[in-house]
Amino acid sequence: MYLKAVRTAAETEGEEKKIDLANYVVKKFLKMGANDVVVSATSQETTQIKFANSEISTTQTWQSEKMHLFIAANKRLVSTSLRNFTKQAADEAVDKMMAFAAATEPNKEYGGIAEGPFTYSQIEDIYDKAVEELGEKAVDITESAIQAAMQNGAKRVAGVFEIATHQTYLLTSNKAEAFDKGTKLYLSLRALIDKFASG
């Protein structure tokens with residue numbers, strides 16, 4: 001069964017807390033009178049290498065979490081996001097969103113969210129284990145990029161190289177549930193020849 005597979009994949013990645021909180025939020029919204037609920041919880045680890053004057057200047061790694069919340073209560077639509085994955089923060093957000101919904105005008109064009117569950121096709125190459133495990137090789141790649149620019153005529157090089165791994169869990173009140181894991185690389189390099197020319 002697909003939902004079981006989704007949960008198993010997520011749990012092996014240590015996502016139990018995210019799944020539990022998403023389920024808690026959906027149930028609480030429904031109990032308080034929401035008709036539709038969508039919760040999307042994402043965690044990401046990012047490593048950033050900055051370079052200036054053709055040398056690496058700083059390297060830092062950080063983790064971030066965000067939970068996007070959307071509700072419809074009698075066609076009154078509200079959305080927000082949480083950065084604190086605790087039940088206390090979730091309770092406060094639910095109370096505020098329901099109060100805000102009660103004070104807003106209905107959206108007559110709102111047609112609801114899709115009814116699940118769904119089966120999603122597997123998309124290849126969204127996650128690359130080699131990217132997640134890049135480690136110190138990221139510094140080597142950055143230095144290679146700097147050298148390539150210098151060998152092709154740059155006098156100075158500046159920019160940033162970012163490596164990130166993200167995991168997202170999606171849950172709706174209409175039985176849609178999905179888990180996604182992906183990686184990304186981003187390199188921005190500015191090559192300067194003189195004060196009038198760069199690329």
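Note that these values count all heavy atoms, side chains included, but never hydrogens, waters or copies made by symmetry.
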Among all residues two or more places apart in sequence or in another chain, which pass the salt bridge (charged side-chain N to carboxylate O under 4.0 Å, His left out) test with Lys75? none

Restricting to side-chain contact (heavy atoms from CB on, under 4.5 Å), what partner residues turn up for Asp194, sequence neighbours left out? Phe196, Ala197

Honestly curious: do Leu82 and Phe29 fall in one hydrophobic cluster under the side-chain, below-4.5 Å linking rule? yes

Pairing residues for Thr61 by the side chain to side chain donor-acceptor pair (under 3.5 Å) criterion, not counting sequence neighbours: Thr47

Please answer: with hydrophobic residues joined when any side-chain heavy atoms are less than 4.5 Å apart, are Leu171 and Met97 in the same cluster? yes

Any pair counted as side chain to side chain donor-acceptor pair (under 3.5 Å), so long as it reaches residues 97-107, sequence neighbours left out: none

Residues which pass side chain to side chain donor-acceptor pair (under 3.5 Å) with Gln60, listed by chain and number, not counting sequence neighbours: Gln48

Could you check Lys184 against Glu132 for salt bridge (Lys or Arg N to Asp or Glu O under 4.0 Å), going step by step and ending with a plain yes or no? CA-CA 9 Å; Lys184 64 180 179 180; Glu132 185 174 14; over 6 Å; no

Quiz: residues 37-46 side-chain donor-acceptor pairs under 3.5 angstrom, not counting sequence neighbours:
| residue | atom | partner | partner atom | Å |
| --- | --- | --- | --- | --- |
| Thr42 | OG1 | Thr168 | OG1 | 2.9 |
| Ser43 | OG | Lys18 | NZ | 2.9 |
| Gln44 | NE2 | Thr46 | OG1 | 3.0 |
| Glu45 | OE1 | Gln63 | NE2 | 2.8 |

Tell me whether Met98 shares a hydrophobic cluster with Val25, the cluster being built from Ile, Leu, Val, Met, Phe, Trp, Tyr side chains joined at under 4.5 Å. yes

Quick one: list whatever passes side-chain contact (heavy atoms from CB on, under 4.5 Å) with Asn74, sequence neighbours left out. Asn35, Arg76

Tyr186 meets the side chain to side chain donor-acceptor pair (under 3.5 Å) criterion, sequence neighbours left out, with none

Give the other cluster members for Tyr127, using side-chain heavy-atom distances under 4.5 Å between Ile, Leu, Val, Met, Phe, Trp and Tyr residues; answer none if it is isolated. none

Set of side chain to side chain donor-acceptor pair (under 3.5 Å) partners for Asp180, sequence neighbours left out: none

Suppose we screen for salt bridge (charged side-chain N to carboxylate O under 4.0 Å, His left out). Which residues come up paired with Asp91, at least two apart in sequence or across chains? Lys28

Within 45° of the ring axis of Phe85 and under 6.0 Å from its six-membered ring centre, is that where the NZ or CZ of Lys17 lies? no

For Ile49, which fellow cluster members are found when Ile, Leu, Val, Met, Phe, Trp and Tyr are connected by side-chain heavy-atom distances below 4.5 angstrom, either directly or through intermediates? Phe51, Ile56, Val131, Leu134, Val139, Ile141, Ile146, Met150, Val157, Phe161, Ile163, Leu185, Leu187, Leu189

